[in-house]
Amino acid sequence: MFYKFRFGSIYSFAYIDTSKCPLLNSISDIKLNLKHCIKHLVIGMKIKNFIVLLFLMFFTLKNFATHIVGGEIYYDCLGNNNYKITLKIYRDCNSFTDFDRPASIGVYDATNSLFTTLNLYLEKVTKIPPILNNCYSTSVNVCVEEGIYTTTVALPPRAGGYSLSYQRCCRNADILNITNADEVGATYQIHILDSTIVQCNSTPRYVNFPPLFICAGAPLSFDHSATDPDGDSLFYEICDPFEGADKNNPQPNPPSAPPYLPVNYNSPYTGSYPMNSSPILAINKKTGLLTGTPRMIGRWVVGVCVSEYRKGKLLTTNKRDFQFNVVNCETPTASIPKQTLFCNGYQVDFSQSSSNSTDYLWNFGDTTTVADTSIMKTPTWMYPSAGTYTVTLIANPRTICADTAYSTFQIQPLLKPEFIVPPAQCLNKNIFNFMAGGSFVGNGSFKWDFGASASPTVANLPAVDSVIFNTEGNHLVTLTVTENGCTKSVTDTINILPLPKANYRANSDTACNLQPVYFTDNSTGTPPLGYRWSFGDGTTSTEKSPVHIYKAAGTYLTSLIVNTENGCLDTFSMPTLLAVYALPVAGFNVTPKDTSIFYPTVNMIDTSKGAVKCNIDWGDGTTSKCDTLHHYALPGKYKLRQIVVNAAGCYDTAYSEIIIHPEFLFWVPNAFTPENSDGINDVFKPKLIGVHDYKFMVFNRWGDKIFETTDREMGWDGYAKGELCKQDVYVYKIIFKDDVHLQSHEYIGKVILVK
């Protein structure tokens, strides 16, 4: 099909392959399907301008197309010259432009002069469901939204009444029956009668919007009837839609004045023959039933008028137009897959591969009953006995598009062999017995296949005893039963458990009595594993990695037995005996145990026995060998610990406690000589004992701070900013808290720097 596009003053024609693009819904469809749809493009320019041309095409359509697909306008008389106006507009969801917000309606008097302009605001937007006849389905995607506008207006009585008009551009470019459809808009008009003719009349309005799809070659039967609030007689006819608005002024405000011209049809189409159909599209004048059979896919604009009569006198006419989308549809097909399961018993679960169907009627061919039918999509039926049955499936029964399929089913007794899988056994002592079970008559043959690792490997009896497997792991066992022409097999897995491997280590080949020996399990095997430890001294344990304390020196043989949950086990013993040695005896004296920080030196005397090595931890972060003096730098309570070791590496510990009471002492020199570097009195540093929160500062005679520290071991070397200060008198300030009374102290004094 050829489509025409305009770019300014240039016209282009593109051939669209409708077999691949049966219906282009919007410009976005053309973009997405361009490489598949456009086979030939004839334009008045060079091929190298093709891309630019396409861009201009999409840009032009994007700015002007609104894709109006139908609409109508009607009103309700509310009394006292008040009217409720309702405007319904239908648009393509893929349109580049949304509904008008607001929609402008022109109100014209009998002389076609503008009386006023109404701005109607969008109240509701609803997506129209794409309903098709149950007989058909399509993959074409068309989306239409209905926008509803309402307002209430007071119109004073006027000779000749009023005309209400709404105009909007444009329609879809690929409409087949209208010339230059993408440049043609629509006009929806209704007339308000002169009150001298009829008092307070309400106009008819349509009940349903036509289906978004109709199928090519399928009869159409659509109720296009309207209702009238006043109960007036209604008369229906197919009529010419009005054109209105254009791309240059797509939303006229106000709309142009009446009268309005009908759309210009492409030959051979007219208002009474608006689309390719046979029989032609027709509407019942009394019922509004729209009938016909479309013959050509594409988009078509159709107009329908409903006129109201009272006592034989014409009052008003509501003209609505809409867009029919004629598409290729698929017809229903009934299909029953061929039988693939035999000897499954008398119950059959039926499936189907029908297409384009929603309703079904099954007949299972069971002549023993008249109840062998179902309307389910995938039913189940229990046959009374074995035999051959003809199954029938009707897709969309009791419709003009019903389709029927037949299939023959062979029903035989259930054949379902089974066997009980024995529990897993250990490799070194496995032996299995097998018995055929499940569902079978028993008049056929049996075959067991145990695999190449079994003895025996095969058997032909229902029961087989004493089957032994010679390798660990999973082994497939298959039972096959053949009877009544059917063969069924069942396969399951026999598990031969591997033996565990016992192994462990101790943290040392030697140990000390009354001190822990750590045994670490290194065994492997299928978890969970069980443990039986023997420590050689008559005691045992079932822990995975136990800790054991020997109470006497000597040599001991240790061992471990590991077992799996199924009873598979292994034993391991240490290749050497575990030697356990006696402990040394720690002991020491320390004096004094209670002293002050002024006398912080204590003496430690070793009294241990059987030791070759002795160390003392003084509790202040320092250690030393035994039999020595120790000086404490700070008051406090200290816990001493002695560690002695014998020749076998066994150790013992002893403890004691020392208290160093705090004392408070403070002394500051009054001069120092930093420059002579004789090592005597080179640094100005206070002497403090028993203090904390210490801060020491030095200032020059102008009050500038030239030195500061919180380190009690750090003094002032006479330098400031990298240079030695001159000989002078300097002020110091010392702040601290004493350890005895925990009181704060502040001392300010002078010191002489002598060069």
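Predicted model, so just to flag it, every value in this text is computed and none were measured.
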Do [X] and [Y] touch side chain to side chain, with heavy atoms closer than 4.5 Å?
| X | Y | value |
| --- | --- | --- |
| Val304 | Tyr206 | yes |
| Leu479 | Val477 | no |
| Val348 | Trp381 | no |
| Leu529 | Thr564 | yes |
| Glu237 | Phe235 | yes |
| Thr526 | Pro498 | yes |
| Phe99 | Glu145 | yes |
| Gln323 | Arg171 | no |

Output field: ring centroids His475/Phe450 closer than 6.0 Å: no
Which heavy atom of [X] sits nearest to which heavy atom of [Y], and what is that distance?
| X | Y | result |
| --- | --- | --- |
| Tyr265 | Cys239 | OH-O, 4.5 Å |
| Leu122 | Gly147 | CD1-CA, 3.8 Å |
| Leu234 | Ala226 | CD1-O, 3.4 Å |

So Asp321 and Tyr188, side-chain hydrogen bond (donor to acceptor under 3.5 Å, both in side chains) or not? Walk me through it. CA-CA 9 Å; Asp321 66 46; Tyr188 303 106; 2.9 Å; yes
By side-chain hydrogen bond (donor to acceptor under 3.5 Å, both in side chains) - contacts of Thr487 (at least two apart): Thr482
Would a distance-only check, ignoring hydrogens and angles, find a side-chain to backbone donor-acceptor pair under 3.5 Å from [X] to [Y]?
| X | Y | result |
| --- | --- | --- |
| Thr457 | Ser455 | no |
| Gln339 | Gln410 | yes |
| Trp300 | Asn177 | no |
| Asn396 | Thr358 | yes |
| Ser523 | Asn503 | yes |
| Asn172 | Asp174 | no |
| Asp359 | Pro397 | no |
| Asp403 | Ala334 | yes |
| Asp223 | Ser225 | yes |

Run through Gln412, Lys416, Lys488 and flag the one making a side-chain hydrogen bond (donor to acceptor under 3.5 Å, both in side chains) with Asn344. Lys488
Can you see whether [X] engages [Y] through a side-chain donor-acceptor pair at a distance of less than 3.5 angstrom?
| X | Y | answer |
| --- | --- | --- |
| Thr291 | Ser221 | no |
| Thr179 | Asn266 | yes |
| Tyr360 | Lys377 | no |

Donor-acceptor pairs under 3.5 angstrom involving side-chain atoms of residues 419-443: please list them, not counting sequence neighbours.
residue	atom	partner	partner atom	Å
Gln425	OE1	Ile431	N	2.8
Gln425	NE2	Ile431	O	3.0
Asn430	OD1	Phe469	N	2.8
Asn430	ND2	Leu427	O	3.1
Asn430	ND2	Phe469	O	2.8
Asn433	OD1	Ser466	N	2.9

Show which side-chain atoms of residues 271-290 pair as donor or acceptor with protein atoms under 3.5 Å away, not counting sequence neighbours.
residue	atom	partner	partner atom	Å
Ser272	OG	Thr270	OG1	3.3
Ser277	OG	Leu281	N	3.1
Asn284	OD1	Lys286	N	2.9
Asn284	OD1	Thr287	N	3.0
Asn284	OD1	Thr287	OG1	3.3
Thr287	OG1	Leu289	N	3.3

Decide side-chain hydrogen bond (donor to acceptor under 3.5 Å, both in side chains) for Ser351 and Thr378; before the verdict, give the C-alpha distance in whole Å, the side-chain angles of both, and the deciding distance to 0.1 Å. CA-CA 5 Å; Ser351 63; Thr378 54; over 6 Å; no
Please name the residue in the list Tyr90, Phe324, Phe222 that meets the ring-ring contact (aromatic ring centres under 6.0 Å, His included) test with Phe209. Tyr90
Glu565, CD atom: more than 12 neighbouring heavy atoms under 6.0 Å: no
